[in-house]
Amino acid sequence: MARIAGSSGPRTEEAIRRAGLSLIATHGYAAMSLRQLAAEVGIQQGSLYNYFRNKQEFLFDLIRGHMLDLHAALDAALLSEGSAEARLTRFTEFHVAYHVARPQEVFICYSELRSLEPDNLAAVVTMRRDYERKLGEILDHGRATGEFHLADTRMATLAILAMLSGICTWYKPGGRLTTDGLQQIFTGMVLALARGETQALARGETQALAPSEAVEPVAVPARRRGGLRAGVG
């Protein structure tokens, strides 16, 4: 979030972010008032303008910051070389772990796109398409090498992202599945889809569909501050 002269510091800024995420996730952007946000943080409403100019800028900064963090973390997690299968495994493990770790950010990034003004929406949509493109390139490469059997990699890209991102609507920490367990299950399903093994996928036989190249499970780093703060699924 861009700092404005007279702001009272990064701790207050971070508190505003956390409170805003919680309020928007619970009540929705339209229902959240700046007075409510200020009260949640314990500051005067006028003090909020030391950190953002209006409510729309605050929402855009939350979503844009999430998307920048998402891209940076994915780039750090993806294998620079290796088979398409190994890179798809890494992508899937990353996406699952990231979305489990940040359910509020992911929920807002999807549910509040409708609340963004046109220019802000266009910027976020571009970032979302860039993320989709990174998965699409893996699938295109896998089809070219014969590792994957896909009639339409664009449709496969959207189907995989919809399946993986849907975790945020039902997953609850402390349930019967750990993040590692989710990564293993979803990796099996994604690889089955990419390989064209639809019958095994329909039977739920994902355990036998482990990738041919072993890769270390992806851990999601803590939220970055500083450079990425100024800047999603």
Side-chain angles (χ1 to χ4, degrees), residues 17-19 21-28 62-63 66-67 69-74 76-79 82-113 128 131-132 134-135 138-139 142 147-148 150 155-224 232-233:
R17 282 178 169 276
R18 291 196 304 268
L21 277 172
S22 179
L23 289 171
I24 295 173
T26 302
H27 305 290
L62 286 179
I63 295 178
H66 165 74
M67 292 302 301
D69 282 0
L70 178 65
H71 276 281
L74 175 62
L78 275 181
L79 299 172
S83 68
E85 190 172 285
R87 299 189 79 235
L88 181 58
T89 295
R90 182 60 62 91
F91 178 95
T92 303
E93 290 179 341
F94 164 80
H95 192 93
V96 169
Y98 193 97
H99 283 59
V100 166
R102 301 192 183 190
Q104 287 186 331
E105 290 97 326
V106 173
F107 175 75
I108 290 172
C109 193
Y110 282 91
S111 67
E112 296 298 348
L113 287 179
R128 288 165 61 95
Y131 189 83
E132 294 169 1
K134 292 175 183 180
L135 172 57
I138 295 173
L139 298 180
E147 295 172 72
F148 302 151
L150 295 165
M155 290 299 296
T157 296
L158 297 177
I160 289 170
L161 288 174
M163 177 173 65
L164 298 180
S165 299
I167 293 171
C168 293
T169 66
W170 56 263
Y171 178 74
K172 300 296 182 185
R176 68 182 181 87
L177 292 174
T178 64
T179 300
D180 288 346
L182 287 171
Q183 287 176 314
Q184 182 178 7
I185 292 170
F186 277 100
T187 295
M189 290 192 291
V190 168
L191 289 176
L193 186 155
R195 294 170 181 163
E197 296 169 338
T198 54
Q199 291 183 346
L201 181 59
R203 293 194 298 269
E205 296 175 358
T206 60
Q207 299 301 318
L209 301 176
S212 59
E213 297 184 25
V215 295
E216 293 294 326
V218 174
V220 175
R223 177 176 175 82
R224 300 187 180 192
V232 233

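By convention here, the first residue in the shown sequence is residue 1.
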Handout entry: Considering all heavy atoms, the nearest Glu147-Arg195 contact
Key = O-CG, 4.1 Å

Problem - Contacts of Gln104 that satisfy side chain to side chain donor-acceptor pair (under 3.5 Å) - sequence neighbours left out - result: none

Handout entry: Check: Glu93 main-chain N/O paired with Gln183 side-chain donor or acceptor under 3.5 Å
Key = yes

Exercise for the section: Using a 4.5 Å cut-off on heavy atoms from C-beta on, say whether the side chain of Thr89 contacts that of Val190. Expected result: no

Handout entry: Distance-minimising heavy-atom pair for Trp170 and Leu182
Key = CH2-CD2, 3.7 Å

Practice task
May I ask you to test the Leu78-Phe94 pair for a side-chain heavy-atom distance under 4.5 Å?
Solution key: no

Practice task
Mind checking side-chain contact (heavy atoms from CB on, under 4.5 Å) for Leu113 and listing every partner two or more places apart, or none if nothing turns up?
Solution key: Leu116, Leu121, Val124, Arg128

Practice task
Would you check if Leu161 and Glu132 make a side-chain contact, meaning some heavy-atom pair closer than 4.5 Å?
Solution key: yes

Handout entry: Heavy-atom donor-acceptor pair, Arg87 side chain to Gly82 backbone, under 3.5 Å
Key = no

Completion exercise
So NZ of Lys134 and CD1 of Ile138: to nearest 0.5 Å the spacing works out to 10.0 Å

Handout entry: Considering all heavy atoms, the nearest His99-Ser165 contact
Key = NE2-OG, 3.8 Å

Practice task
May I ask you to test the Tyr98-Asp69 pair for a side-chain heavy-atom distance under 4.5 Å?
Solution key: yes

Problem - Nearest-0.5 Å distance, CD of residue Gln184 to CG of residue Leu177 - result: 10.5 Å

Problem - Distance, nearest 0.5 Å, that separates CG of Leu74 from CZ of Arg90 - result: 10.5 Å

Completion exercise
CG of Leu191 to CZ of Phe148, rounded to nearest 0.5 Å, is 6.5 Å

Completion exercise
Applying ring pair (Phe, Tyr, Trp, His ring centres under 6.0 Å) to Tyr131 and not counting sequence neighbours gives His71, Phe91, His95

Handout entry: Smallest separation among heavy atoms of Ala194 and Leu139, with atom names
Key = CB-CD2, 4.5 Å

Fill in the blank from the handout: Distance col, row Leu88:CG vs Leu79:CG, nearest 0.5 angstrom, shows 11.0 Å

Problem - Heavy-atom closest pair, residues Leu193 and Leu150 - result: O-CD2, 3.6 Å

Handout entry: Heavy-atom pair of closest approach, residues Cys168 and Pro103
Key = SG-CA, 4.4 Å

